[in-house]
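Input: a single structure, listed below in structure tokens.
Nothing fancy with the numbering, it's 1 onward along the sequence.
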Amino acid sequence: MADFSHAFHEIESGAPDPDADWSLPGWIYTDPEFLQLEIDRIIRPSWQIVCHTSDLPNPGDWRAIDYIGESVIAVRGHDGVIRAFANVCRHRAMRLVEGPAGCARKFICPYHAWAFETDGRLTGVPMKADYPALRLEDNGLSPVALEVWRGFVFVRLADAGFPSVAAMMAPFEDEIEPYRFEDMRCISDIRLRPRALNWKNLGDNYSDNLHIPVAHDGLVRIFGKSYQIGAQDWADRLKGDLVDQPSDRFWERFYQTHLPHQPHLPEVAQRRWLYYKLWPNMAFDIYADQIDFMQWIPTGPTTCELREMAYALPDSSRIMKLVRYANGRINRVVNAEDTWLIERVQQGMASHSYGAGPIGRSEVCLRSFARKIRTLIPEARLHQAPPKGWSTP
């Protein structure tokens, strides 16, 4: 894997970006060659969330994530340690498990019955004497880097020097601490939703502040003018505070007026909706009643998959169930509004009439993301697409 430490130094140094006043160009939202460089330089070496440690309570419990042509298993070993491995038998590349989750005392390959322990060791090979070059100790499951941050499990396919999740979130630790992420449990299992969008388009919209008062009447009703954004080197922070004026819409008003007080949270967090977007394609939506995570994973130059799950502290009270339902009703409307918008932005990105658009000083999150993309893939500074084959030396 290439070393991008010089690029990271440039990103974190605060040196002027000569293209800071321009958005990323439209052609990189549709170009197959650019996508391949993004996969190699950005997605493969970035941390991706898999699950929460509470989703792996027992030895042998596993969760899988499939992305950019790879399948990764996070599994709790019989020693209690959570590890990650490629979901690939070392014999003939057969996938060992199917689906998003399961439990296995051992991983038995369904093709030729090779057996792997939950710590990755190869311990069983039928007709073992038939393989003169086979050394069991050299053919265990291929390990994948794993990080646990505040109870959440992340994996990384390659190391190019990107910061850890803990490092990306370090500027916000004091704000995160009271939410007790480690104690949370899943309340809505994994949802996968295909989107006819380049992955960056979805992420850009997440961090875009200027469309909120234009396109999201519901958020304006519950937030008023409190919505704010900010950008650190590797993570964006966005927030809105619920206003006291009751909305004229039932579920918005219900949420505003019935959200229970949470004794573990400071007063400022009781009615705050808090959003963090982590480099390059993950986000946490944090509410007093629950948190959601999402990833937008590229599946093609103009397609991606939205991967979502929700967690909360255990609370089976009727009022909390209703409040969480109201939260979902509000956000389903917001998601539908966003989907309508960004599908049409994606269509516009394919127009030859569009190069790159001017970007405002207040659009600090979009500026931060664009700077990183341009630093890691300098061709992103070109407002028009280069000739086909440009990425091949």
Is there a donor-acceptor pair under 3.5 Å between the side chain of Arg374 and the backbone N or O of Pro378?
-> no
Do Ser317 and Lys321 have side-chain N/O donor and acceptor atoms under 3.5 Å apart?
-> no
So do Leu24 and Ile373 actually touch side chain to side chain, heavy atoms under 4.5 Å?
-> yes
Arg221 side chain vs Gln245 backbone, donor-acceptor pair below 3.5 Å | no
Evaluation steps, ring pair (Phe, Tyr, Trp, His ring centres under 6.0 Å), between Tyr311 and Phe152 | CA-CA 10 Å; Tyr311 292 86; Phe152 288 99; 5.3 Å; yes
Are side-chain N/O atoms of Asp285 and Tyr206 paired as donor and acceptor at under 3.5 Å?
-> yes
Would you check, one step at a time, whether the test side chain to side chain contact (heavy atoms under 4.5 Å, CB included) holds for Phe107 with Val97?
-> CA-CA 8 Å; Phe107 294 114; Val97 297; 3.7 Å; yes
More than 12 heavy atoms of other groups within 6.0 Å of Asp174 CG = no
Are the side chain of Glu147 and the backbone of Ala166 linked by a donor-acceptor contact shorter than 3.5 Å?
-> yes
Smallest heavy-atom separation, Glu363 atom then Asp208 atom, equals OE2-OD2, 3.9 Å
Decide if the gap between the ring center of Tyr276 and the ring center of Phe172 is smaller than 6.0 angstrom.
-> yes
Does Phe369 share a hydrophobic cluster with Ile377, counting links as ILVMFWY side-chain heavy atoms below 4.5 Å and allowing steps through other members?
-> yes
Arg371 side chain to Asp19 backbone, donor-acceptor under 3.5 Å | no
Is there a side-chain contact between Met294 and Arg307 (heavy atoms, below 4.5 Å)?
-> no
Expected output: side-chain Glu182 to main-chain Arg150 donor-acceptor under 3.5 Å = no
Decide whether Trp296 and Asn201 meet the rule of one side-chain donor and one side-chain acceptor closer than 3.5 Å.
-> no
Answer yes when Glu175 and Arg237 have at least one side-chain N-carboxylate O distance shorter than 4.0 Å, and no when they do not.
-> yes
Mind telling me whether Tyr227 and Phe223 have parallel, tilted or perpendicular rings, with 30° and 60° as the class edges?
-> parallel
If only atom types and distance count, is the side chain of His258 paired as donor or acceptor with the main-chain N or O of Phe254 below 3.5 Å?
-> yes
Side-chain heavy-atom pair Met349, Asn198 within 4.5 angstrom cut-off | no
Taking Asp61 for its side chain and Asn58 for its backbone only, find out whether a donor-acceptor pair lies under 3.5 Å.
-> yes
Would you say the side-chain atoms of Arg324 pair up with the backbone N or O of Asp289, donor to acceptor, closer than 3.5 Å?
-> yes
Applying the salt bridge (Lys or Arg N to Asp or Glu O under 4.0 Å) test to Glu117, which of Arg83, Arg105, Lys106 qualifies?
-> Lys106
In terms of side-chain heavy atoms, does Gln36 have a donor or acceptor partner in Asp40 at a distance below 3.5 Å?
-> yes
Do Asn335 and Glu337 get their side chains close enough for a donor-acceptor pair, meaning under 3.5 Å?
-> no
So, for Tyr354 and Trp27, is the gap between ring centers shorter than 6.0 Å?
-> no
Residues Asp236, Ile229; criterion side chain to side chain contact (heavy atoms under 4.5 Å, CB included); working and verdict = CA-CA 7 Å; Asp236 299 338; Ile229 68 170; over 6 Å; no
Less than 4.5 Å apart, any side-chain heavy atom of Arg76 and any of Thr53?
-> yes
So, are Lys200 and Glu38 salt-bridged, with charged N and O less than 4.0 Å apart?
-> yes
In terms of hydrophobic clusters joined by side-chain contacts under 4.5 Å, are Tyr255 and Val334 together?
-> yes
Counting only heavy atoms not in Arg344, do more than 12 fall under 6.0 Å of its CZ?
-> yes
Rounded distance (nearest 0.5 Å) linking atom OG of Ser247 with atom CG of Asp217 | 10.0 Å
Among the clusters formed by ILVMFWY side chains lying less than 4.5 Å apart, do Ile42 and Leu366 turn up in the same one?
-> no
So how far is it from Ser226 OG to Leu242 CG, rounded to the nearest 0.5 Å?
-> 8.0 Å
Begin with the C-alpha distance, continue with both residues' side-chain angles, and end with the deciding distance and a verdict on side chain to side chain donor-acceptor pair (under 3.5 Å) for Tyr131 and Asn139.
-> CA-CA 12 Å; Tyr131 302 90; Asn139 285 276; over 6 Å; no
Look only at the side chain of Glu305 and the backbone of Thr299, and say whether a donor-acceptor pair between them is shorter than 3.5 Å.
-> no
Ion pair present between Asp189 and Arg63, side-chain N to carboxylate O less than 4.0 angstrom?
-> yes
Under a 4.0 Å N-O cut-off, is there an ion pair linking Glu308 with Arg193?
-> yes
Check against side chain to side chain contact (heavy atoms under 4.5 Å, CB included), Val88 and Ser71 = CA-CA 8 Å; Val88 178; Ser71 181; 6.0 Å; no
Flag the pair Met168 / Trp149 as yes when at least one side-chain heavy-atom distance between them is below 4.5 Å, and no otherwise.
-> no
Connected via hydrophobic side-chain network under 4.5 Å: Trp273 and Ile176 | yes
Note: Asp17-Arg381 ion pair, threshold 4.0 Å (strictly below) | yes
Flag side-chain contact, heavy atom, 4.5 Å: Leu157 against Ile68 | yes
Under 6.0 Å from the NE2 atom of His352, do we count more than 12 heavy atoms belonging to anything else shown?
-> no
Minimal non-hydrogen separation, Lys277 against Ser207, with atom names | CD-OG, 3.0 Å
State plainly whether the residues Asp55 and Arg185 are in salt-bridge range, i.e. N to O under 4.0 Å.
-> no
Are Phe34 and Tyr29 close enough that their ring centers fall under 6.0 Å?
-> no
Flag the pair Glu70 and Arg44 as a salt bridge only when some basic side-chain nitrogen lies within less than 4.0 angstrom of an acidic carboxylate oxygen.
-> yes
Would you say Leu274 and Tyr179 make side-chain contact, with heavy atoms under 4.5 Å?
-> yes
Under-4.0 Å salt bridge between Asp66 and Arg95 | yes
Are Phe293 and Met184 connected in a single hydrophobic cluster, I mean Ile/Leu/Val/Met/Phe/Trp/Tyr linked by side-chain heavy atoms less than 4.5 Å apart?
-> yes
Nearest-0.5 Å distance that lies between atom CD1 in Ile342 and atom CG in Leu197 = 4.5 Å
Taking the six-membered ring for Trp, are the ring centroids of Phe162 and Trp47 within less than 6.0 Å of each other?
-> no
Measure the acute angle between the ring planes of His91 and Trp114, then classify it against the limits of 30° and 60° as parallel, tilted or perpendicular.
-> parallel
Pair Arg272 + Asp241: basic N to acidic O under 4.0 Å | yes
Note, Pro280 side chain near Trp199 side chain (heavy atom, < 4.5 Å) = yes
Does one side chain, of Asn281 or Gln48, offer a donor that lies under 3.5 Å from an acceptor on the other?
-> yes
Do side-chain atoms of Lys225 reach the backbone of Val220 as a donor and acceptor pair under 3.5 angstrom?
-> no
Can the ring centroids of Phe85 and Phe116 be said to lie less than 6.0 angstrom from one another?
-> no
